[in-house]
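Here is the structure we will look at.
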There are 2 protein chains.
Amino acid sequence: MATDTHRQFKDRLYGQFARIGKALSNPHRLEILELLAQSERTVDSLATEIGLSLANTSQHLQALRQAALVDSRKDGLFVYYRLAGAEVFELSRVLRTVAEGRLAEFERLIREHFSDRVDAEAVPMTELLKRARSKQVVILDTRPASEYIAGHIAGAISVPVDDLQRRLQQLTKGKEYVAYCRGPYCVYADRAVEMLRAHGRRARRLTDGFPEWRAAGLPVTNGVEPGALK
Amino acid sequence: MATDTHRQFKDRLYGQFARIGKALSNPHRLEILELLAQSERTVDSLATEIGLSLANTSQHLQALRQAALVDSRKDGLFVYYRLAGAEVFELSRVLRTVAEGRLAEFERLIREHFSDRVDAEAVPMTELLKRARSKQVVILDTRPASEYIAGHIAGAISVPVDDLQRRLQQLTKGKEYVAYCRGPYCVYADRAVEMLRAHGRRARRLTDGFPEWRAAGLPVTNGVEPGALK
DNA sequence: CAAGTAGTATATTGATTACTTGACTATGGC
DNA sequence: GCCATAGTCAAGTAATCAATATACTACTTG
């Protein structure tokens with residue numbers, strides 16, 4: 001009967017959609033996707049950063065690959081995984097937006113953890129873009145250097161948050177600093193702002209992170225900036 | 001140690017995101033979301049349409065509510081569920097887009113099932129919008145009447161695909177017909193176009209469905225159109 | 001080619017999920 | 001107040017999932 005065929009088709013159709021949903025149903029896999037939105041990474045470096053075993057990380061990556069959300073390339077001993085496309089970041093961003101807007105518990109968690117973050121002071125992307133040409137504004141990329149090299153906001157200099165302390169004297173007091181990192185819930189930029197202010201610098205964080213900036217089609221660069229500090 | 005606190009925060013953060021992902025990880029729940037994108041519905045009507053038991057459907061709806069993707073209201077004996085917001089449709093649409101773009105198997109399934117659908121002939125929303133003012137173009141809503149009443153493309157008339165046969169003579173040959181339904185993978189519009197053409201009418205389907213039209217901010221109406229056919 | 005490292009495959013464990021069944025609650029009609 | 005209907009709840013079962021441990025492959029380096 002025709003309705004049977006139709007049901008069968010629908011089951012297969014939604015079964016395909018659910019493959020994507022299943023890939024998004026695990027916290028660790030979502031964290032992996034956020035890390036891969038910064039730059040491609042090896043299995044081992046993902047495992048270390050997230051705090052999972054190598055085997056477990058590899059399995060999660062297989063799951064993501066079966067949902068076609070990530071691709072990989074092999075280079076010598078290492079297997080580098082990357083997001084399969086810009087839509088994949090878009091997907092995880094929309095998921096995040098829904099969580100932000102709808103989950104009361106999420107709201108509470110954020111308020112609790114970022115009680116000291118003055119959100120009103122965060123710089124939106126549009127504002128930074130306008131003021132980026134000013135020589136007074138210095139954009140700081142507080143992520144690990146490898147992520148900076150893989151891609152960063154045009155004109156930003158790399159100051160991984162762990163190096164900030166010993167590089168403070170290079171960041172003179174006359175300037176105004178805007179720090180960014182991996183995304184709105186990444187704490188690197190918050191820590192950097194805190195440290196800079198403690199040493200008398202004017203500093204604010206960018207509301208969003210690098211992936212959001214790139215997704216908005218704003219200017220990005222990769223490699224090392226010509227005039228970068230060392 | 002500080003890193004422990006940080007790990008704990010991240011686990012809770014991604015745990016929250018994963019609540020949304022988990023809700024999207026089941027084919028039946030995705031089908032429910034698509035139906036609710038058309039109009040609010042009772043548990044029973046969802047169960048019947050999808051072919052699940054009442055209890056099972058109720059449980060899926062609980063799962064969706066815990067992820068804050070749906071809301072409900074009680075009216076007499078009936079409990080009506082609806083999408084919790086426009087972002088929820090946006091989410092399921094992006095998920096669909098990713099599946100379309102990335103899953104080879106999905107591609108195959110669609111080609112197999114819609115082998116006869118001439119995609120080149122489907123009308124994009126922009127084109128329909130432009131031509132909608134012409135008295136020559138008649139827009140047909142082929143979904144069940146209740147969904148039409150809950151909201152439809154401005155100016156469309158309700159012709160549920162099951163009623164089309166007996167209402168054919170009301171649809172004169174001189175006009176040009178554009179049929180739409182629930183979305184790009186809904187077959188109602190295809191069936192309507194097929195039937196109309198078999199009876200000598202000029203007919204094409206809209207590429208997308210009503211939820212996409214509404215999400216694009218294009219003109220919609222609810223209730224019954226003033227000049228509608230009966 | 002031996003040794004070491006990065007990553008994958010497989011088996012096993014306990015936890016979670018989907019679904020069924022039957023009991024239960026809430027509402028409205030008679 | 002009694003019955004029927006819509007929906008939820010709770011318990012049980014089979015299937016799936018996440019994680020571990022262990023064995024294995026692939027590649028590099030000496």
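Just so we're on the same page: letters track the sequence lines, and every chain starts at 1. Here the structure is a predicted model, which is why all the values come from computation and not from measurement.
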Using side-chain hydrogen bond (donor to acceptor under 3.5 Å, both in side chains) as the criterion, list what pairs up with [X], not counting sequence neighbours.
X: B:Ser25; result: none
X: A:Ser72; result: A:Arg65
X: B:Gln59; result: none
X: B:Glu147; result: B:Arg41, B:Arg182

Check: Can you check whether A:Val159's main-chain N or O pairs, donor with acceptor, with A:Arg167's side chain at less than 3.5 Å?
Finding: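 Checked: no pair found.
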Check: Ignoring hydrogens and geometry, is there a side-chain-to-backbone donor-acceptor pair from A:Thr142 to A:Pro160 under 3.5 Å?
Finding: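 Flag not set: sc A:Thr142 to bb A:Pro160 has no pair under 3.5 Å.
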Quick one: [X] [atom1] to [N] [atom2], roughly how many Å, whole number?
X: B:Tyr80; N: D:dG7; atom1: OH; atom2: C1'; answer: 13 Å
X: B:Phe78; N: D:dT8; atom1: CZ; atom2: P; answer: 13 Å
X: B:Arg73; N: D:dG7; atom1: CZ; atom2: C1'; answer: 15 Å
X: B:Leu54; N: D:dT8; atom1: CG; atom2: P; answer: 8 Å

Item checked: Strand contacts (DNA chain C) in residues 31-45 of chain A, 4.0 angstrom heavy-atom criterion ->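 Here the set is A:Thr42, A:Val43, A:Asp44.
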Next item on the list: At under 4.0 Å between heavy atoms, which parts of nucleotides 24-30 of chain D does protein reach? Answer with one letter per nucleotide, 5' to 3': B base, S sugar-phosphate only, - none.
Entry: --BBS--
What residues form a ring pair (Phe, Tyr, Trp, His ring centres under 6.0 Å) with [X], not counting sequence neighbours?
X: A:Phe9; answer: B:His113, B:Phe114
X: A:Phe106; answer: A:Tyr185, B:Phe17
X: B:His60; answer: none

Could you list the protein-to-nucleotides 17-20 of chain D atom pairs, N/O on both sides, closer than 3.5 Å?
from: D:dA18; atom 1: OP1; to: A:Asn26; atom 2: ND2; distance (Å): 3.3
from: D:dA18; atom 1: OP1; to: A:Arg29; atom 2: NH1; distance (Å): 3.4
from: D:dA18; atom 1: OP1; to: A:Arg29; atom 2: NH2; distance (Å): 3.2
from: D:dA19; atom 1: OP1; to: A:His28; atom 2: NE2; distance (Å): 3.3
from: D:dA19; atom 1: OP2; to: A:Asn56; atom 2: ND2; distance (Å): 3.3
from: D:dA19; atom 1: OP2; to: A:His60; atom 2: NE2; distance (Å): 2.7
from: D:dA19; atom 1: O5'; to: A:Asn56; atom 2: ND2; distance (Å): 3.2
from: D:dT20; atom 1: O4; to: A:Gln59; atom 2: OE1; distance (Å): 3.3

Notebook entry, point to check: Do A:Leu36 and A:Leu69 come close enough that some side-chain heavy atom pair is under 4.5 Å?
Noted result: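 No. Closest side-chain heavy atoms not under 4.5 Å.
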Margin query: If you define the side chain from C-beta out and look only at heavy atoms, does anything of A:Glu112 sit under 4.5 Å from B:Arg12?
Written below: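 Side-chain contact under 4.5 Å: yes.
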Side chains of residues 208-217 of chain B: which donor-acceptor pairs under 3.5 Å do they make with residues two or more places apart or in other chains?
from: B:Glu212; atom 1: OE1; to: B:Gly209; atom 2: N; distance (Å): 2.9
from: B:Glu212; atom 1: OE2; to: B:Arg96; atom 2: NH1; distance (Å): 3.2
from: B:Glu212; atom 1: OE2; to: B:Arg96; atom 2: NH2; distance (Å): 2.4
from: B:Trp213; atom 1: NE1; to: B:Pro219; atom 2: O; distance (Å): 2.9
from: B:Arg214; atom 1: NH2; to: B:Ala37; atom 2: O; distance (Å): 2.7

Item checked: Contact interval (first through last nucleotide) of DNA chain C with protein chain B, 4.0 Å heavy-atom ->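 Result: C:dT17 to C:dG28.
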Notebook entry, point to check: At under 4.0 Å between heavy atoms, what does A:Tyr81 touch on the DNA or RNA strands: base, sugar-phosphate, or nothing?
Noted result: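 Result for A:Tyr81 = sugar-phosphate.
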Next item on the list: Drop me the distance from B:Ser92's OG to B:Leu30's CG, to the nearest 0.5 angstrom.
Entry: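 It comes to 8.0 Å.
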